Amino acid sequence: MNESMMQSPDGVAIRIDHLTKRYGEFTAVDGMTLEVPKGRLFGFLGPNGAGKSTTIGCLTGLLDPTSGFVELLGERFSSDSIDLKRRIGVMPEGLALFDQLYAHEFLAFNGRMYGLEESVIRQRVAELIGALDLTAASRKRLADYSTGMRKKVAFAAAIIHRPEILFLDEPFESIDPAGVAMLKDWLRRFVSDGRTVFMTTHVLETVERLCDDVAIIKGGQLAWRGELDCLGKGGTLECDGEQFSTLEALFLHLVGERYNHLDWL
Amino acid sequence: MLTGNILTSDFLRKGSALIGLRYRLIWAQARSSQGMISVLLALYLLGVLAAVLISFGGAGAAIAAIALGKAESISRWMLTSLYANGFGLSLLFGFGARAAFTDGALRRFPFAARQRFLIRHGIGIFDPVWTLLICGALGLAVGMFWLKAGSLVPGLVAAFLFIFASYLTTASLLAIVNRLMQTRGGTAILWGGALTIFSVGPLLLQSLDPVRLRLVWRLVDMALRWMPPGVAAGMMVGPIRWSMAGRLVILVLWIILLALFLRWIEHRPIKSGTDADGIEPIMALEADVIGQVGALFGRRYGPLVDKSLRYHLRCNLIRYSLITSPLLVVVIQFLNSKSAPGGFLFASVLIFYILSCATAAGMMLNLLGFDGAGVRRYAVIPASLGDALRAGSLASMILRLMVVLMAFVFWIILYWKEPKSWRMVLMLVGIALTGTIIYNAIGLWISIFSAKAVDFDSMWNNRLSLGANVAMLVGVVVPYALGAVLVDRLGRAAFMEFYDQFWWTPWVTALLAAVLYLLSFHNLDNALRLKAESVIRRIAGAH
Ligand SMILES: Nc1ncnc2c1ncn2[C@@H]1O[C@H](COP(=O)(O)OP(=O)(O)OP(=O)(O)O)[C@@H](O)[C@H]1O
Ligand SMILES: [Mg+2]
């Protein structure tokens, strides 16, 4: 782990401190503490229902923490932090699109909300729609888009204002391979000048190849946290005194392999 | 025929499972709002029936008329008013006659197309409104029997068949409107059609001399005898006789005809409205009118108002009510009793109040509910949920004011012969402003405390939230009843005296309404902060 970066306060993009989120009696995130340095592609992993989206909700203003707090870019963040929200980009779970708008209207809306100039908006909207291969669909409202196209639009809306931190909840699921390759390329360039990506995904191969840092959570608590740099160089990941040569092996070790047979199937 | 071998026991079992589901849904709603609405609707229908009775000179006179052998004509007009109320309520306010499950929702179950049709409408007829109409019709049959003017069994059969016929009529009308709204020129056709029926017809009637007029009414009355209400009335009155069998056949024929028509119209393919809109992808960003209106509201509200206006204008439900509300002006001529002084003024006041507040309530009273999952975006963009709510309200206000303006122009053209004065115009403007502003102020709060997810594409399957329903019914019924009682107690002359002295009072109420609106506008954030998570969850679902 890069200790020097973790400790310097101006090197920290996201600081989560004893974050707890309850829905009624149910605790979805349970006292989580985590720091993400700037300039990193951070993978936030965990099984279904582990609390990933809930955590992202607390980091982006969708949810208010029950207790604990969050700092983004060195400032305390809450759902009222309008100025901080200008500096982050979000692709939330469920995408949160305005279904009755056209793609260009929706992207322009986001550009305006983040305070971009009209000329910049026009140029970026045109570029994004072209690059994401959405031109042919520009006469349809978002409600009539395919699942992958919707995801692309949500992605475009998250990056249109060149945020400092980008939160992505399952960005690659259901986008075609060519699209995924391009988005990965964009994300690498995005972090190369010190900006940060915080994303969840279930595609562990992508994480191995793309992410620098990984956290695995389970039952709302942090289960493992580490860097992946070593994997490419033939190294291994260590957990509970055991060595794992792939992220998948480590994940299954933490979550527990489950093979249940359905007799009637 | 519609039935045949499709009524297998398997079908009946699945069908009844769906009916069970339907009632669990109704029950879930009844615990929140439907029960309340049903009571209010029942009161309304009682009022309608009482009004019909009163127009016959009161219950005593009606009974006397029955003794004189006019029972059939009373029944005919009562059933006609129930019939008209069935589709009137449905068309204007979206009550009733809504197929419980959409065809699309039923497709994932193993049903054939005919079975889906039967299920949807079979269940739709159990909507509370129709239950009330059934009670009205049954009440009439029993009443006629009790007054010894009719026989029980044919009366009850007629009442049930009548309800089926009126449900099918309404469902067909709604399906027609739905189709029209989804095609490009359909909106214009609807406008033109409604305008012609409502304005040219009555104007023609007005121009007839009394003798001819009586002839026209006779013709209408004759025609009604062959329509479902008239045929049913014929069966409810008089001793059992052979001609009743003929009427029964006619009524059944009506039902079959209407059912076939409904099936036919529902099966006509819909052209998707989205593709027809044809917007140039990027150029539109600078060129369109909505964008320019939005830009007037500055950096903070501009983009949100822009988005909200687009949502209003793309929603069929809202478009429909924006179109129909100015048309309410034509109703004035029906309310305008020529004999009383100030009849025209009184009717105009009433209609302008109603059209300013009671129509197009869908979005005004549920500003976030039309966003679906998109409502979560307000939480992540650098704006507060309060800003989104305020912007939505501004958009709704703009559109409501346009409706009022249109209604005014329409009013001036349609009633160019009626004497008008500046005072009168000012009074009506004041009243329209009061209604518009008050309802938008209330709408801000109802959007927070009674938010509700809405199906954007569906014209008729959306119910208002409890808060919105209460506001609508109280807002319309209370001032109306108050006005009617006052005028009744004090007499028209007193009303005119009041008007002469106090014609300016609506401007005071409009001012008070504006104060209320501004206070609400600036002070909703604390309440919203407490409710934000639950509002978002309610509208967007779990995520
Ligand atoms: N609004 C809510 N009310 C009650 N419980 C909720 C709510 N939202 C989420 N939960 C619960 O919180 C837990 C965490 O949910 P969350 O959506 O954060 O999981 P996740 O890690 O994103 O899962 P997935 O990989 O399936 O997206 C789940 O058990 C879920 O049932
Ligand atoms: Mg999730």
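Bear in mind the structure is a predicted one, so any value in this text is a computation, not a measurement.
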Next item on the list: Calculate, to the nearest 0.5 Å, the distance between atoms OH and CE belonging to B/Tyr378 and A/Met113 respectively.
Entry: 9.5 Å
Next item on the list: Without swapping roles, check the side chain of A/Lys85 against the backbone of B/Ala379 for a donor-acceptor pair under 3.5 Å.
Entry: yes
Margin query: Whether the side chain of A/Tyr114 engages the backbone of B/Pro382 through a donor-acceptor N/O pair (distance < 3.5 Å, no angle test) should be reported.
Written below: no
Margin query: Distance check, rounded to the nearest 0.5 Å: B/Glu533 atom CD versus A/Asp64 atom CG?
Written below: 5.5 Å
Next item on the list: In plain terms, say whether B/Arg529 and A/Asp80 are close enough for a salt bridge, that is, a side-chain N and a carboxylate O under 4.0 Å apart.
Entry: yes
Notebook entry, point to check: Judged by atom type as modelled, is there a donor-acceptor pair below 3.5 Å linking the side chain of B/Arg377 to the main-chain atoms of A/Leu95?
Noted result: yes
Notebook entry, point to check: Should the heavy atoms of other residues, nucleotides or ligands under 6.0 Å from CZ of A/Arg22 be counted, would the total exceed 12?
Noted result: no
Next item on the list: Give, as side chain, backbone, both or neither, the part of A/Thr60 having an atom under 4.5 angstrom from any heavy atom of chain B.
Entry: both
Next item on the list: Show your working on ring pair (Phe, Tyr, Trp, His ring centres under 6.0 Å) between B/Phe370 and A/Phe98 and close with a plain yes or no.
Entry: CA-CA 10 Å; B/Phe370 285 73; A/Phe98 291 132; over 10 Å; no
Notebook entry, point to check: Where on B/Leu385 is there a heavy atom nearer than 4.5 Å to chain A: the side chain, the backbone, both, or neither?
Noted result: neither
Checklist line | Among A/Leu107, A/Ile82, A/Leu84, residue most engaged with chain B (heavy-atom pairs, under 4.5 Å) | finding: A/Ile82
Checklist line | CG-CZ distance between B/Asp306 and A/Arg112, expressed to the nearest 0.5 angstrom | finding: 5.5 Å
Notebook entry, point to check: Crowded around A/Asp133 CG? As in, over 12 foreign heavy atoms under 6.0 Å?
Noted result: no
Checklist line | Expected output: side-chain B/Arg310 to main-chain A/Gln100 donor-acceptor under 3.5 Å | finding: no
Margin query: Show, in sequence, the C-alpha distance, side-chain angles and deciding distance for B/Arg314 and A/Glu105, and conclude whether the salt bridge (Lys or Arg N to Asp or Glu O under 4.0 Å) test is met.
Written below: CA-CA 13 Å; B/Arg314 279 173 197 172; A/Glu105 291 174 341; 2.8 Å; yes
Next item on the list: Of all the heavy-atom pairs spanning B/Arg376 and A/Leu62, show the shortest one and how long it is.
Entry: O-CD2, 3.5 Å
Check: For the residue pair A/Leu101 and B/Lys307, what are the closest heavy atoms and their distance?
Finding: CD1-CG, 4.0 Å
Note to self: So which atom in B/Tyr311 and which in A/Asp99 form the shortest heavy-atom distance, rounded to 0.1 Å?
What the structure shows: OH-N, 3.0 Å
Item checked: Pair B/Arg299 + A/Glu117: basic N to acidic O under 4.0 Å -> yes
Checklist line | Heavy-atom contact with chain B under 4.5 Å, split by part of A/Phe167 | finding: neither
Checklist line | Region of A/Asp83 that comes under 4.5 Å of a non-hydrogen atom in chain B | finding: neither
